[in-house]
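Below is one structure, written out as structure tokens; the observations come after it.
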Amino acid sequence: MTHVSERSGAGSSPTGAGGDRQPWTAGSSRAARKRSVSYADAGVSIDAGDRAVELLKSKVKQTRRPEVMGDLGGFAGLFRLDTKKYKNPILASSTDGVGTKLVIAQQLDIHDTVGIDLVAMVVDDLVACGAEPLFLLDYIATGEVVPDKVAEIGAGIADGCRYAGCALLGGETAEHPGVLRPDEYDISATGVGVVEESEILSPERVEVGDVVIAMRSSGLHSNGYSLVRHVLLGAGRMRLDVVIDDFGRQRTLGEELLTPTKIYAQDCLKLIAEAEVRALAHVTGGGIPGNLVRVLPEHVDAVVNRSTWKPQPVFDLIQSKGRIEDPEMEATFNMGVGMFAIVSAEDADRALATLTGRGVDAWQAGEIIEGSGNVQMIGQHTRG
């Protein structure tokens, strides 16, 4: 990874023999003029960035793929695309972040999971078009580079890349003093994948009679946290360390809110190889209706039956505390489903068996009917 640091701090002022501060002027003494200003005086810690890189190297190496060329430290990451595997390879790219879920991580001082969230948000968008994630580049902006903290964030990113099967090819860490507090940071990433042109998943593949398969989320994933914080931590005045009985296993609110986003990339690639997959819809901001509609042609509707699954307790907590109407919940949160696959009816059982065999909680949640490109949500979720 490449790290550029800009950390502001209180610069030193020349002092006189008596220790009193003396303002510098063009006519100051030779001794005062000898005082040079360093990057460190402006708050920049190049050494801290280098230390963070060293702490991350072993984790990054675990994400290495055979196509990666060179080692860390170059101006750019190099990746040799194996064009022999494809007739007409198409590159896919995606950029995303984690949003205000990072506020929870910073409040709890837990930083080794948000990197998994970051990778999930990027690679699961890539696989939605049928692309295999190849590599990822990350960006960390912070008020102050604390090597151990940056290493924790980076370790989570590396773990996510391993789960997704892609290489962590490079990245950047920047200190933004005066913009971010020393304990604040934001992260983003860009991923690149590849898919055979004839195998790109698109709405044109979806047909009447296809089956809609749902894959359970691990919880909130990385969307809606501004509303979550407003409802639970603001108006609700809940503490992150409070144990919520409904969550089970003496699990605290903070632990639930930091549950890493499920990474579906490898599961979906296996599903594509084993069954006739028409389309995949990654459920992020906009919820189920807002994302499933993106993979529908204009002549069909997707009917999704809520009664086929029970959302995790955290959704009930948010809705009850905030007195949020059902449409607002469904437009903001995934409600327990992180990915949808639309498959041919003939391959529905095979698809479910493939996902179950890989440990994915999946079920038939609906079907494709004639319509006008809309998502019809029917039935009611099981409660209690």
Residues, nucleotides or ligands: over 12 heavy atoms within 6.0 Å of Arg294 CZ: no
4.5 Å side-chain heavy-atom contact, Val114 and Ile187: yes
Side-chain donor-acceptor pair present, Asp210, Ser344, cut-off under 3.5 Å: no
His299 atom NE2: more than 12 heavy-atom contacts under 6.0 Å: yes
Pair Asn305, Gln364: side-chain N/O donor-acceptor within cut-off below 3.5 Å: no
OG1-CZ distance between Thr142 and Arg181, expressed to the nearest 0.5 angstrom: 10.5 Å
Tyr264-His282 side chain donor-acceptor pair, cut-off 3.5 Å: no
His111 and Tyr185 aromatic ring geometry - parallel, tilted or perpendicular at 30°/60° bounds: perpendicular
Salt-bridge criterion met for Glu196 and Lys87 (N-O under 4.0 Å): no
Joint hydrophobic cluster, Tyr139 plus Val192, side-chain heavy atoms closer than 4.5 Å: no
Pairwise side-chain contact, Thr284 with Met121, heavy-atom cut-off 4.5 Å (strictly under): yes
Thr63 (side chain) donor-acceptor with Lys59 (main chain) under 3.5 angstrom: no
Same apolar cluster: Tyr225 and Met335, side chain cutoff 4.5 Å: yes
N-O pairing of Glu276 and Arg278 below 4.0 Å: yes
More than 12 heavy atoms of other groups within 6.0 Å of Arg350 CZ: no
Interatomic spacing from OG in Ser217 to CG in Asn334 - rounded to 0.5 Å: 3.5 Å
Gap between atom CZ of Arg80 and atom CG of Leu134 - 0.5 Å precision: 13.5 Å
In one Ile/Leu/Val/Met/Phe/Trp/Tyr side-chain cluster, 4.5 Å: Leu168, Val98: yes
Sidechain-backbone polar pair: Asp301 side chain, Gly373 backbone, donor-acceptor under 3.5 Å: yes
Rounded distance (nearest 0.5 Å) linking atom OG1 of Thr252 with atom CD1 of Ile244: 8.5 Å
Side chain to side chain donor-acceptor pair (under 3.5 Å) assessment of Thr261 paired with Ser222: CA-CA 7 Å; Thr261 303; Ser222 299; 2.9 Å; yes
Crowding at CG, Asp82 (>12 non-hydrogen neighbours, <6.0 Å): yes
Close side-chain approach of Val122 and Thr190, heavy atoms under 4.5 Å: no
Derivation and outcome, salt bridge (charged side-chain N to carboxylate O under 4.0 Å, His left out), residues Lys321 and Asp316: CA-CA 8 Å; Lys321 283 286 186 179; Asp316 284 336; over 6 Å; no
Worked verdict on Gln250 versus Asp245 for side chain to side chain donor-acceptor pair (under 3.5 Å): CA-CA 7 Å; Gln250 292 294 301; Asp245 290 338; 5.1 Å; no
Centroid-centroid under 6.0 Å between Phe333 and His221 rings: no
Flag side-chain contact, heavy atom, 4.5 Å: Glu255 against Phe247: no
Value rounded to 0.5 Å, distance of CG in Asp361 from CZ in Arg216: 5.0 Å
Hphob cluster co-occupancy, Val212 + Met377, side-chain heavy atoms under 4.5 angstrom: yes
Value rounded to 0.5 Å, distance of CD1 in Ile157 from CD1 in Ile140: 4.5 Å
Residues Arg239 and Asp241 bridged, charged N to O under 4.0 Å: yes
Ion pair check, Lys270 and Asp267, cut-off under 4.0 Å: no
Shared hydrophobic cluster, Val127 / Leu292 (ILVMFWY, side-chain heavy atoms < 4.5 Å): no
Closest non-hydrogen atom pair, Leu180 against Ala141: CD1-O, 3.6 Å
Any side-chain donor near an acceptor of the partner, Ser202 and Glu204, under 3.5 Å: yes
Donor-acceptor under 3.5 Å (Ser307 side chain, Gln380 main chain): no
